[in-house]
Asks: 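Handing you a structure now.
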Amino acid sequence: MNISALNIVLIIIIGLLGVGLYGLLITRNLIKIVLVLQILVKSAMLALVLAGKAAGNLDLGQSLAVTVIVADTVVAVVGLALAVQVRRRFGTLDVPQISTLRG
Amino acid sequence: MAAILSILLIALPWLGAILVWLTGDSRPKILHILAVTFSLGAGLVSLVLLAFAGPGSVLSVQVGSLFGAFTLNPDGLGASLAAVACVVGSLAVIFSVDYMHGEAQLSRYYTFVLLFIGAMTGLVLSGNLLFTFFFWEITALCSYALISFYNDDPKAVAGGIKALIITQVGGVGLLAGTLAAYASLGSLQVADLLKGAATMPAGILAVVAFGFLLAAAAKSAQFPFHTWLPDAMEAPTPVSALIHAATMVNAGVYLLARFYPAFVNVPGWTLAVTLVGMISALIAGLMALTATDLKRALAYSTVSQLGYMVYAIGVGGVFASQFHLLSHAVFKALLFLSAGAVIHSVGTRDMRRMGGLGAKMPFIRNVFIVGALALAGLPIFNGFWSKELILEAGLKGPWWAFGFMLFGAGLTAFYTIRMTWLVFFGAEREQLHAHASGTAMKIATGALALGTLTTWLLAGPLSNLLANSLPFHKLEPLATWLMVEEVLSAPATWIALVVIAAGAGLWAAIQFRKTGTVLSAQPTATAGWFDVVATSSFGFEWLNQQVVSVVKKTSTELQKTQTGELNWNILGIVGALLAVLAILAWGV
């Protein structure tokens with residue numbers, strides 16, 4: 001296997017994906033969930049750019065990635081704002097605890 | 001011309017359905033007029049179409065790259081079945097004018113009846129398997145809606161849901177067969193499947209053949225799916241006549257007949273079809289012996305007669321099965337409608353409470369007897385000729401199946417006479433108020449009685465039509481007088497007549513032994529254990545309930561996996577991802 005630039009990026013993508021999934025698997029804290037979601041989405045963005053490069057259509061890949069960055073930022077902002085509200089209201093950020101409170 | 005007529009056959013009833021729906025319940029008179037006009041119009045168009053029936057498609061509309069073209073094939077098989085659906089359908093609608101008089105929510109009733117008639121013609125005329133499937137499902141939906149028409153009655157709702165679920169099982173078979181055929185042939189056209197069946201891989205063709213057999217068995221209420229039809233009798237009686245005797249249950253037989261040339265060489269297929277038909281004919285006949293509900297007895301006899309048609313296809317008698325389908329549609333619609341007139345008049349379906357009604361409703365008694373004699377298979381009536389043709393075709397099949405079918409013919413005579421006697425003759429067991437039936441009821445049943453006496457004369461034209469327009473079936477045209485000669489000179493006919501007479505004689509003997517007089521009106525009580533076994537439908541009802549309870553329990557258990565917790569869901573996603581990667585790695 002020749003180690004080209006594409007392959008290195010691919011390994012980074014898989015690594016980020018793994019970190020994100022592992023984080024989602026173990027974390028119970030709402031803020032941490034928002035953080036690992038960000039990592040997961042970053043790996044998807046990187047994959048878009050990589051796919052654009054590999055298919056010889058780099059412009060498309062990059063513009064898609066920029067679109068995702070915008071949408072993703074909104075997700076992060078809303079997610080964190082919700083986390084603040086949840087913390088104020090329930091006094092905890094532990095997801096299983098919040099879901100058993102129900103209201 | 002044929003293209004316009006074919007489109008009209010689907011469009012007329014559906015247009016009527018929309019108009020009826022828009023009219024609403026507040027003007028029942030207009031509803032009756034609209035429904036009768038549109039169904040009669042469709043009936044007339046369907047008769048005209050018979051003159052234009054021919055092989056090949058008359059209309060082809062491109063609908064995207066996946067579905068292929070939507071085609072209409074008004075060949076002999078499709079056109080004759082469309083005519084049965086529309087003509088019997090219009091008579092059932094005429095009957096409804098009296099039967100449903102003053103009922104609430106009439107627009108819902110007529111909308112679904114007309115929608116059903118249009119879907120049925122679409123189903124038999126469509127030359128594209130995927131559209132056949134769509135129409136197939138529309139008929140199932142209409143059937144469900146009409147069985148549950150009295151939706152404040154839990155039994156009616158349960159019956160409707162049961163019919164819907166069981167016919168869905170068949171729908172899955174049809175869809176699986178269709179997709180398998182598409183995967184192999186790259187086309188959804190019926191003609192392409194018939195042409196290309198010989199070149200398809202044997203395994204895939206077997207999937208298609210048995211998938212379609214599953215669909216046919218579920219739709220035609222054949223073994224082991226026969227339990228839905230008796231429960232469907234909660235529907236208003238014209239619906240039972242239209243859907244559960246004359247048209248929808250024929251869709252399964254139609255499917256088998258349509259694709260018979262493609263599947264005949266699949267190993268075990270003809271034997272399976274023969275067995276399904278034989279077992280259905282037998283057990284339904286036995287269950288009809290002990291039924292006390294008039295409509296249930298008729299429903300069992302429908303299952304039994306459909307068993308004869310399926311059996312005929314299994315032994316290679318495609319024409320015999322289609323001919324019996326025509327006869328059965330006419331005489332069973334007649335039986336159901338006259339039973340409906342009785343039920344409408346006395347207000348009960350329990351035959352043990354009836355008796356001696358013949359004197360009060362002589363017209364209905366006479367037409368019911370005409371239908372009953374045709375069902376029993378006595379000469380002159382249309383049921384005789386077609387059933388004899390089936391038995392004659394059965395000589396080419398396995399001898400044991402033929403023996404059982406002969407036994408079934410005797411059984412039919414037995415339960416038919418028992419049923420007729422319990423309702424119309426003997427002493428009155430209860431003072432039931434019976435009023436005379438209305439004009440519309442008399443028109444519908446009278447026309448059907450006339451048909452029962454005469455449709456066997458159509459054997460020649462029907463066989464010509466099928467032989468000339470079905471290039472793959474390789475049928476021989478058979479003139480009516482040749483058919484008469486053939487039936488009368490065949491030994492099978494005389495054996496069958498003896499068996500039928502024996503069945504009738506056995507009934508008389510049991511009556512005589514029980515009460516000392518042949519003319520007694522007491523219900524024929526058969527042996528106790530047999531009663532118990534047959535009324536529980538030979539354990540199939542129990543099997544049905546087991547399936548339902550297992551599914552319910554499993555879904556309750558599976559609910560526990562739906563924790564709603566993020567970590568568990570992610571575990572599922574990662575697990576599935578790893579499984580897919582493993583399969584990919586394995587495969588490469």
Side-chain angles (χ1 to χ4, degrees), chain A residues 1 7 10-48 50-51 54 72 75-76 78-87 90 92-103, chain B residues 62-69 130 151 154 157-158 161 165 172 175-176 179-180 182-188 204 547-588:
Chain A
M1 191 172 127
N7 272 334
L10 196 60
I11 289 166
I12 294 173
I13 290 171
I14 294 172
L16 281 175
L17 195 73
V19 170
L21 282 176
Y22 177 72
L24 280 180
L25 202 56
I26 56 154
T27 187
R28 305 173 75 164
N29 186 301
L30 201 50
I31 291 183
K32 282 186 188 162
I33 286 177
V34 175
L35 286 182
V36 286
L37 265 178
Q38 289 298 308
I39 296 175
L40 207 59
V41 175
K42 294 300 175 294
S43 96
M45 283 173 202
L46 215 50
L48 277 174
L50 179 74
D72 184 44
V75 170
V78 174
L80 288 173
L82 276 177
V84 171
Q85 290 300 318
V86 165
R87 172 69 214 245
F90 301 120
T92 176
L93 278 172
D94 191 46
V95 174
Q97 235 178 347
I98 299 165
S99 53
T100 47
L101 285 174
R102 295 204 191 280
Chain B
Q62 277 298 331
V63 275
S65 53
L66 181 64
F67 288 176
L130 206 61
N151 52 12
V157 174
I161 291 175
I165 291 176
V172 170
L175 189 61
L179 293 180
Y182 179 70
S184 172
L185 290 169
S187 162
L188 285 164
I204 294 180
V547 171
V548 171
S549 74
V550 164
V551 169
K552 273 188 176 162
K553 265 183 205 152
T554 321
S555 58
T556 323
E557 290 298 315
L558 283 176
Q559 266 179 4
K560 286 179 191 160
T561 63
Q562 296 297 315
T563 54
E565 278 176 33
L566 181 67
N567 305 125
W568 284 107
N569 291 353
I570 293 296
L571 186 66
I573 292 172
V574 173
L577 185 68
L578 289 178
V580 169
L581 286 178
I583 290 169
L584 284 177
W586 210 296
V588 176

Asks: Between atom CD1 of B/Ile570 and atom CD1 of A/Ile33, what is the distance when rounded to the nearest 0.5 Å?
Replies: 9.0 Å

Asks: Tell me, do A/Leu25 and B/Leu571 make a side-chain contact under 4.5 Å, heavy atoms counted?
Replies: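 Yes, side chains in contact.
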
Asks: Roughly how far, to the nearest 0.5 Å, is CD1 of B/Ile573 from CG of A/Leu24?
Replies: 8.5 Å

Asks: Can you find a heavy atom in the side chain of B/Leu566 that is under 4.5 Å from one in the side chain of A/Val95?
Replies: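 B/Leu566 vs A/Val95: side chains apart.
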
